[in-house]
Amino acid sequence: MQANSQDNFYISKAIQLAQKGLYTTQPNPRVGCVIVLNNKIVGEGYHQKAGGPHAEIFALKQAAKNAKGATAYVSLEPCSHQGKTPPCADALINAGIARVVCAMQDPNPLVAGKGLQKLQQAGIETLSGLMQVEAEKLNPGFVKRMQRSLPFVRVKLAMSVDGRTAMASGESKWITGEHARADVQKMRARSSVVLTGSGTVLADDPSMNVRISAEALGLDVEMEVHQPLRAIIDSQLKVSLDSKIFNQPGQILVFSTQQAEHVITLAEKDARLDLTAMLKYLADEHQANEVHVEAGSELCGALLAQQLVDEIVVYIAPHIMGDSAKGLFHLPELQSMQQRIDLEINDIRAVGNDWRLTAVPKYKK
């Protein structure tokens, strides 16, 4: 089936609706749906939270009898299996939908294409792959977890113009201004896990929770702000249970190479905790899609050196901290220009008085 002149417009609308679930759908993907009859939107919806109705169900309810003979535009292939909710493909069939256009197939190789196949077998025309790149950007963690059993790892850093993250004493509050710090709260809120290291906990005693209102996130009034899982890498078990991070609501995990009660013990790799095993644990045991890292130069450097970082977000503050202050990444193995890790810069924008740079590491094979 070929796309028509209206398809891009309506699939774009479905993707915009999916973005409304940016902070609330974990561990499910963000999905939007628009139902169109005679070039008029008769129903729309988005997936709000795991266990609740999917986007197609909200849209079908709004469309009611107007769903018969209509086209459904969905940002992700309708599900064909029974989970916490019934299959959306069945709901579309039962409603009499005549045509389904989706931006991308389900990335899970075990189910990819089966929803579309079910629709086709019911006589419904289908089209997939329209604005796929834009749709994938909505769910980078879900896509990666389904395909590689690993979460999407985003490292957030704040630095001065001369590339420093803390004074030699460890003092780092505050490098950036309040607008940048509020922006970081949004990144935490969209994440499945906020990850840090023992050094950061010992130096800064952070809470690592989400401290932003539902209104500031643009959520509907009845929606609650999601508190991501918090995790600490504490190989030598140095962090005190009196630390702020342990005295906030929500679950917290401690990863270590040591055996102890209430600690997840992992093997060593290259004389430190196996970071790949840690990320795989988060994906497998906690269905973590996006891991947000706020840590010191050693953990950030180790993740980058092992090619485990998918995205780097750096806030650049307009001041100079001097050459005795600490840098972004501890990467002693980089000794020559040839060993540099290249970055592809995707976005640069002002956030208050600071600048936010978003980049993707371009790893050498």
Side-chain angles (χ1 to χ4, degrees), residues 21-30 47-52 83-84 139-146 148-156 184-202 204-214 217 219 223-235 237 239-257 260-266 273-296 299-300 302-303 308-311 313:
L22 186 66
Y23 304 107
T24 60
T25 65
Q26 164 66 26
N28 291 352
R30 299 126 185 169
H47 182 44
Q48 297 180 1
K49 60 181 180 180
K84 291 183 178 179
N139 295 297
F142 181 76
V143 171
K144 186 179 176 185
R145 180 166 67 88
M146 289 296 103
R148 297 175 54 192
S149 295
L150 288 170
F152 183 92
V153 177
R154 179 182 293 109
V155 170
K156 168 263 167 184
V184 172
Q185 290 293 316
K186 292 181 179 180
M187 270 193 288
R188 287 185 185 179
R190 68 170 288 170
S191 303
S192 314
V193 179
V194 174
L195 174 69
T196 192
S198 58
T200 297
V201 177
L202 292 170
D204 299 337
D205 196 20
S207 298
M208 290 295 180
N209 59 349
V210 175
R211 300 182 298 276
I212 191 170
S213 68
L217 292 173
L219 299 179
M223 300 291 288
E224 293 184 4
V225 175
H226 159 70
Q227 285 292 342
L229 182 69
R230 285 164 299 147
I232 307 172
I233 295 178
D234 187 10
S235 294
L237 298 178
V239 175
S240 167
L241 292 177
D242 293 327
S243 303
K244 284 182 184 176
I245 198 167
F246 289 108
N247 293 286
Q248 307 293 328
Q251 188 177 6
I252 184 163
L253 303 177
V254 177
F255 293 98
S256 181
T257 55
E261 189 178 4
H262 305 306
V263 166
I264 299 158
T265 305
L266 297 176
L273 183 138
D274 188 333
L275 295 175
T276 301
M278 180 269 302
L279 291 172
K280 185 167 175 51
Y281 178 93
L282 291 174
D284 292 346
E285 300 300 323
H286 293 276
Q287 297 179 284
N289 291 329
E290 298 181 25
V291 172
H292 172 86
V293 182
E294 293 188 36
L299 177 53
C300 291
L303 287 165
L308 296 171
V309 177
D310 297 291
E311 184 176 81
V313 179

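Any value given below was found using the heavy atoms of this structure, including those in side chains, with hydrogens, waters and symmetry copies removed.
With S207 contributing its side chain and K244 its backbone, the two residues share no donor-acceptor pair below 3.5 Å. The backbone N or O of S191 sits less than 3.5 Å from a side-chain atom of H226, completing a donor-acceptor pair. A distance-only check finds a donor-acceptor pair linking the side chain of T257 to the backbone of S235 [under 3.5 Å]. Between the side chain of T200 and the backbone N or O of G296 there is at least one donor-acceptor pair closer than 3.5 Å. For N139 (side chain) and P29 (main-chain N/O), no donor-acceptor pair under 3.5 Å exists by modelled atom type. Side-chain atoms of D310 come within 3.5 Å of backbone N or O of V153 as a donor-acceptor pair. Remark: side-chain polar atoms of R30 are not paired, donor with acceptor, to backbone N or O of H47 under 3.5 angstrom. A donor-acceptor pair under 3.5 Å is absent between the side-chain atoms of T24 and the main chain of K49, judged by distance alone. Counting only distance, with no hydrogens or angles, the side chain of N289 and the backbone of P27 share a donor-acceptor pair below 3.5 Å.
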Would you check, one step at a time, whether the test side-chain contact (heavy atoms from CB on, under 4.5 Å) holds for Q287 with S192?
-> CA-CA 8 Å; Q287 297 179 284; S192 314; over 6 Å; no

Verdict with supporting geometry, T196 and I245, side-chain contact (heavy atoms from CB on, under 4.5 Å) = CA-CA 10 Å; T196 192; I245 198 167; 4.2 Å; yes

Criterion side-chain contact (heavy atoms from CB on, under 4.5 Å) on I233 and L275, from CA distance to verdict | CA-CA 9 Å; I233 295 178; L275 295 175; 3.5 Å; yes

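Under the 4.5 Å side-chain criterion, counting only non-hydrogen atoms from C-beta, H292 is in contact with V184. The shortest side-chain heavy-atom distance between F246 and V254 falls under the 4.5 Å cut-off. Inter-residue side-chain proximity for L253 and H286 is flagged as met; some heavy-atom pair is nearer than 4.5 Å. Looking only at side-chain heavy atoms (C-beta outward), Q227 and Q248 stay at 4.5 Å or farther from each other. When side chains are defined from C-beta on, V309 does not count as touching V293, because their heavy atoms never get closer than 4.5 Å.
We find that E311 and K144 are not joined by a salt bridge, their nearest charged nitrogen and carboxylate oxygen being 4.0 Å or further apart.
Residue L273 holds its CG atom at 7.0 Å from CE of M278, rounded to the nearest 0.5 Å.
When R154, Q26, R145 are each tested for a side chain to side chain donor-acceptor pair (under 3.5 Å) with E290, only one passes: R154.
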